[in-house]
Colleague: 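Would you mind keeping the following structure in view while I ask a few things?
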Amino acid sequence: MTPDEDRTRMADLLHRQRSAFLHDGPPGLALRKSRLARLRAAVLAHREALKDAVSADFGNRSRHETDIMELACVVQAIDYLSNHLRRFMQRERRHVPFVYRSARAYVEYQPLGVVGVMAPWNYPVSLTLVPLATALAAGNRAMLKPSELTPRTSAALRHMLAGAFAQDEVAVVLGGPEVGAAFSALPFDHLLFTGSTQVGRKVMRAASDNLVPVTLELGGKSPAIVARGHVNDRTMQSVVYGKLSNAGQTCVAPDYALVHQDDLEAFIARYAATVQRFYPDGPASRDYTTIISDRHYDRLRGLVEDARRNGARVIEVGERPAHLPGRERTLVPTLVVNAGDDALLMQEEIFGPILPVRTYGGIDEAIAYVNARPRPLALYYFGAEDGDCARLLARTTSGNVGINNTLMHVAQDDLPFGGVGPSGMGAYHGIEGFRAMSHAKGVFVQGRWNLPGLLHAPFGKLADMAAALTLGRTSRKP
Ligand code: NAD
């Protein structure tokens, strides 16, 4: 299809969805729940096909990871939304000032209409379907644009959703950056983009032409800070889990570690031992995911080489199973110790199984390091919930925080999920997502007594009294 044909087709889909939305009116609780139930049933029915597709797109993606980190997250999010929807949809009574007392004020959460969802490749199922579930819960229709780097998964999602929803309820558009650019220029009622900060800028620029409100779920370098004396099993298990799940291709993976200077060698030894424990067959393990594309594989190797050239200590844990078919893009878990600030891997988001480790002396040094850099999507702290921990939380700003844990904050449906500054704008999941995709319409209903209604020109004593009631008596006479 030519770019013009793509644009026309997408504009036509949007028109059809919006017309259907306006024709049918806002869906009630039962219809929203039935849409969520349809989505849930479709995911379970296509579970194996989705896992096959994701694994084929990656080369090798652990099937357990797809089950746990994608499909289970989607089903859990659907269930949470469905179970709490009645409360989310409820009209909220709001305060009215004393002089308006016989009136009422409330907020009605109204569906926006048609929501656009743009997704990346790293969790291609959950990052498409959790936003979709949120859009449906909020009573919207949705158009989805999954990533071109996972073509089988994107096609499987399109097939699955076409079987569960009419095109004017949910539609999937396939294509690369050109289609993405045209998609982001459509006059949606809301656009949720998950992807890189760099593309996020372009998406927001395109959306601004139509004043489309955006939720941007972007990336960044999320630190893991390990307090002195806390290099233990619990810490290492969580750091390795966070770094090597999906081979580090996780937006909230710990990007780098800040370890107390007294604990550096213990951290290195324990990291390697934990990796070996998680993957007894080394990087050849079926549970170890490969890198999504040659370009990303070369980029990651380039980051390690750049650090090595600049004198950093590079430690590879295991050997590359180059002989195994489909596993050519396996990148061995790698530690890079004390890379300098000018090393590329200390500047750009790594998004792979490479962990730079730097040391610090006191908590203020760690805080200063974090604050000298763009605000991260996640921040992890391993240590006691003591004064240092409180200081770190108060003095740094990140999307979310995990204490003695990596990644699991994302699986908490009742926590907002979103970055801040260059790591994102807005949030979704749970009620925050429901509200991001709803219009909070304030409604004021006049009561029997309308005192403020008496306050019109020509003003007199009554106006003076009303003003005195809220502002106090004025000393200056007119
Ligand atoms: P990406 O920005 O390259 O692509 C995301 C989407 O944008 C894809 O659908 C792609 O087709 C589309 N796109 C590409 N170029 C475009 C353009 N010029 N205009 C409009 N759309 C365009 O991101 P990616 O490589 O797929 O994913 C990795 C990035 O996503 C990382 O930075 C990661 O941190 C981030 N991420 C963030 C979250 C989060 O929830 N905050 C989750 C996962 C990934």
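This chain uses plain numbering: 1 for the first residue, then up along the sequence. Indexing begins at 1, ligand by ligand and atom by atom, following the structure's order. Values reported hereafter were calculated over all heavy atoms of this structure, with side chains retained and with hydrogens, waters and symmetry mates removed.
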Colleague: Is Leu218 touching ligand 1 with its side chain, its backbone, both, or neither, if touching means heavy atoms under 4.0 Å apart?
Modeller: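 Answer for Leu218: backbone.
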
Colleague: Against heavy atoms of Ala181, which atoms of ligand 1 measure under 4.0 Å?
Modeller: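 In order of numbering, the contacting atoms are 19 (N), 20 (C), 21 (N).
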
Colleague: At under 4.0 Å between heavy atoms, which part of Phe351 makes contact with ligand 1: side chain, backbone, both or neither?
Modeller: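 The answer is the side chain of Phe351.
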
Colleague: What is the nearest protein non-hydrogen atom to atom 36 (N) of ligand 1, stated with its residue, atom name and distance?
Modeller: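 Atom 36 (N) of ligand 1 sits closest to the protein heavy atom Cys251 CB, 3.5 Å.
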
Colleague: Does a salt bridge link Arg63 with Glu48, judged by any charged N lying under 4.0 Å from a carboxylate O?
Modeller: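 Looking at Glu48 together with Arg63, the answer is yes, because their closest N to O distance falls below 4.0 Å.
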
Colleague: If only atom types and distance count, is the side chain of Arg327 paired as donor or acceptor with the main-chain N or O of Pro321 below 3.5 Å?
Modeller: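 Checking the backbone N and O of Pro321 against the side chain of Arg327, no donor-acceptor pair under 3.5 Å is found.
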
Colleague: Is there a heavy atom of Ser147 sitting under 4.0 angstrom from any atom of ligand 1?
Modeller: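 Yes.
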
Colleague: For atom 21 (N) of ligand 1, what is the closest protein heavy atom, and at what distance to 0.1 Å?
Modeller: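 It is Met118 CE, 3.4 Å.
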
Colleague: Pairs of nitrogen or oxygen atoms closer than 3.5 Å, one from Lys145 and one from ligand 1: do any exist?
Modeller: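 So ligand 1 has an N or O lying under 3.5 Å from an N or O of Lys145.
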
Colleague: How far is atom 15 (N) of ligand 1 from the closest protein heavy atom, and which atom is that?
Modeller: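 Of every protein heavy atom, Pro177 CB, 3.5 Å lies nearest to atom 15 (N) of ligand 1.
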
Colleague: When you measure from atom 23 (O) of ligand 1 to every protein heavy atom, which one gives the shortest distance, and what is it?
Modeller: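 Result: Ser196 N, 3.4 Å.
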
Colleague: Below 4.0 Å from any atom of ligand 1, is there a heavy atom belonging to Pro146?
Modeller: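 Pro146: in contact with ligand 1 (<4.0 Å).
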
Colleague: Heavy atom under 4.0 Å from ligand 1: found in Leu377's side chain, backbone, both, or neither?
Modeller: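 Looking at Leu377 and ligand 1, just side chain atoms fall under 4.0 Å.
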
Colleague: Any chance the rings of Tyr380 and His409 have centres within less than 6.0 Å?
Modeller: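 Ring-ring flag for Tyr380/His409: true, centres closer than 6.0 Å.
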
Colleague: Under 4.0 Å between a side-chain nitrogen and a carboxylate oxygen: does that hold for Arg7 and Asp4?
Modeller: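 Yes, this pair counts.
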
Colleague: Measuring from the heavy atoms of Phe417, does anything fall under 4.0 Å of ligand 1?
Modeller: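 Checking ligand 1 against Phe417, which is what was asked, there is a heavy-atom contact under 4.0 Å.
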
Colleague: Counting only heavy atoms closer than 4.0 Å, does ligand 1 sit against the backbone of Leu127, its side chain, both, or neither?
Modeller: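 For Leu127, only side-chain atoms sit under 4.0 Å from ligand 1.
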
Colleague: Suppose we measure from atom 24 (P) of ligand 1 to each protein heavy atom; which comes out shortest, and what is that distance?
Modeller: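 So the nearest neighbour among protein heavy atoms is Trp121 NE1, 3.4 Å.
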
Colleague: Tell me, which protein residue and heavy-atom name are nearest atom 7 (O) of ligand 1, and how many Å apart are they?
Modeller: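 It is Phe193 CE1, 3.3 Å.
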
Colleague: Quick one: do Glu92 and Arg87 make a salt bridge, cutoff under 4.0 Å?
Modeller: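 No, no charged N to carboxylate O under 4.0 Å.
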
Colleague: Taking the minimum heavy-atom distance to atom 8 (C) of ligand 1, which of Ser126, Ala119, Gly180, Ser423 ranks first?
Modeller: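 Among Ser126, Ala119, Gly180, Ser423, the closest heavy atom to atom 8 (C) of ligand 1 belongs to Ala119.
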
Colleague: Examine Phe434 together with Tyr428 and report whether their ring centres are nearer than 6.0 Å.
Modeller: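 Not under 6.0 Å, so no.
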
Colleague: From the options Pro120, Ser222, Gly195, Ala253, select the one whose nearest heavy atom is closest to atom 30 (O) of ligand 1.
Modeller: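 Nearest option to atom 30 (O) of ligand 1, by heavy atoms: Gly195.
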
Colleague: Mind checking whether Tyr369 and Tyr256 have ring centres under 6.0 Å apart?
Modeller: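 Between Tyr369 and Tyr256, the centre distance is under 6.0 Å.
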
Colleague: Using a 4.0 Å cut-off to any heavy atom of Thr194, which atoms of ligand 1 qualify?
Modeller: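 Here the atoms of ligand 1 in question are 5 (C), 37 (C), 38 (C), 39 (C), 40 (O), 42 (C), 43 (C).
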
Colleague: Going by the order shown, which atoms of ligand 1 are within less than 4.0 Å of some heavy atom of Asn122?
Modeller: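 So the answer, numbered in order with elements, is 43 (C), 44 (C).
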
Colleague: How far is atom 18 (N) of ligand 1 from its nearest protein heavy atom, and which residue and atom is that?
Modeller: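 Answer, as residue, atom name and distance: Lys202 CD, 3.6 Å.
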
Colleague: Under 4.0 Å from ligand 1, counting heavy atoms only, is it the side chain of Glu349, its backbone, both or neither?
Modeller: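 Side chain only.
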
Colleague: Number the atoms of ligand 1 from 1 as they appear, then name those within less than 4.0 Å of a heavy atom of Glu217, with their elements.
Modeller: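 Here the atoms of ligand 1 in question are 37 (C), 38 (C), 39 (C), 40 (O), 41 (N).
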
Colleague: Do Arg9 and Asp12 meet the salt-bridge criterion of a basic N to acidic O distance under 4.0 Å?
Modeller: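 Arg9 and Asp12: not salt-bridged.
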
Colleague: Taking Arg61 as the fixed residue, which of Val54, Ile292, Asp52 is the one that meets the side-chain contact (heavy atoms from CB on, under 4.5 Å) rule?
Modeller: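 In the set Val54, Ile292, Asp52, the residue that makes a side-chain contact (heavy atoms from CB on, under 4.5 Å) with Arg61 is Val54.
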
Colleague: Do any non-hydrogen protein atoms sit less than 4.0 Å from atom 40 (O) of ligand 1?
Modeller: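 It does: a protein heavy atom is found less than 4.0 Å away from atom 40 (O) of ligand 1.
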
Colleague: Looking only at protein heavy atoms, which one is nearest to atom 11 (O) of ligand 1, and what is the separation?
Modeller: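 The protein heavy atom lying closest is Glu148 OE1, 2.6 Å.
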
Colleague: Is any side-chain N of the basic residue among Asp67 and Arg47 closer than 4.0 Å to the acidic one's carboxylate O?
Modeller: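 Yes, this pair counts.
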
Colleague: Whether Arg16 and Asp168 form a salt bridge (side-chain N of Lys/Arg under 4.0 Å from carboxylate O of Asp/Glu) is what I want to check.
Modeller: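 No, this pair does not count.
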
Colleague: Below 30° counts as parallel, above 60° as perpendicular, anything between as tilted: where do the rings of Tyr80 and Phe88 land?
Modeller: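 Geometry flag for Phe88 against Tyr80: tilted rings.
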
Colleague: Do the rings of His159 and His46 sit parallel, tilted or perpendicular, given the 30° and 60° boundaries?
Modeller: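 Because their plane-to-plane angle is over 60°, the rings of His159 and His46 count as perpendicular.
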
Colleague: Does Gln249 reach the main-chain N or O of Phe351 with its side chain, forming a donor-acceptor pair under 3.5 Å?
Modeller: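 Pair absent, no side-chain N/O of Gln249 close to backbone of Phe351.
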
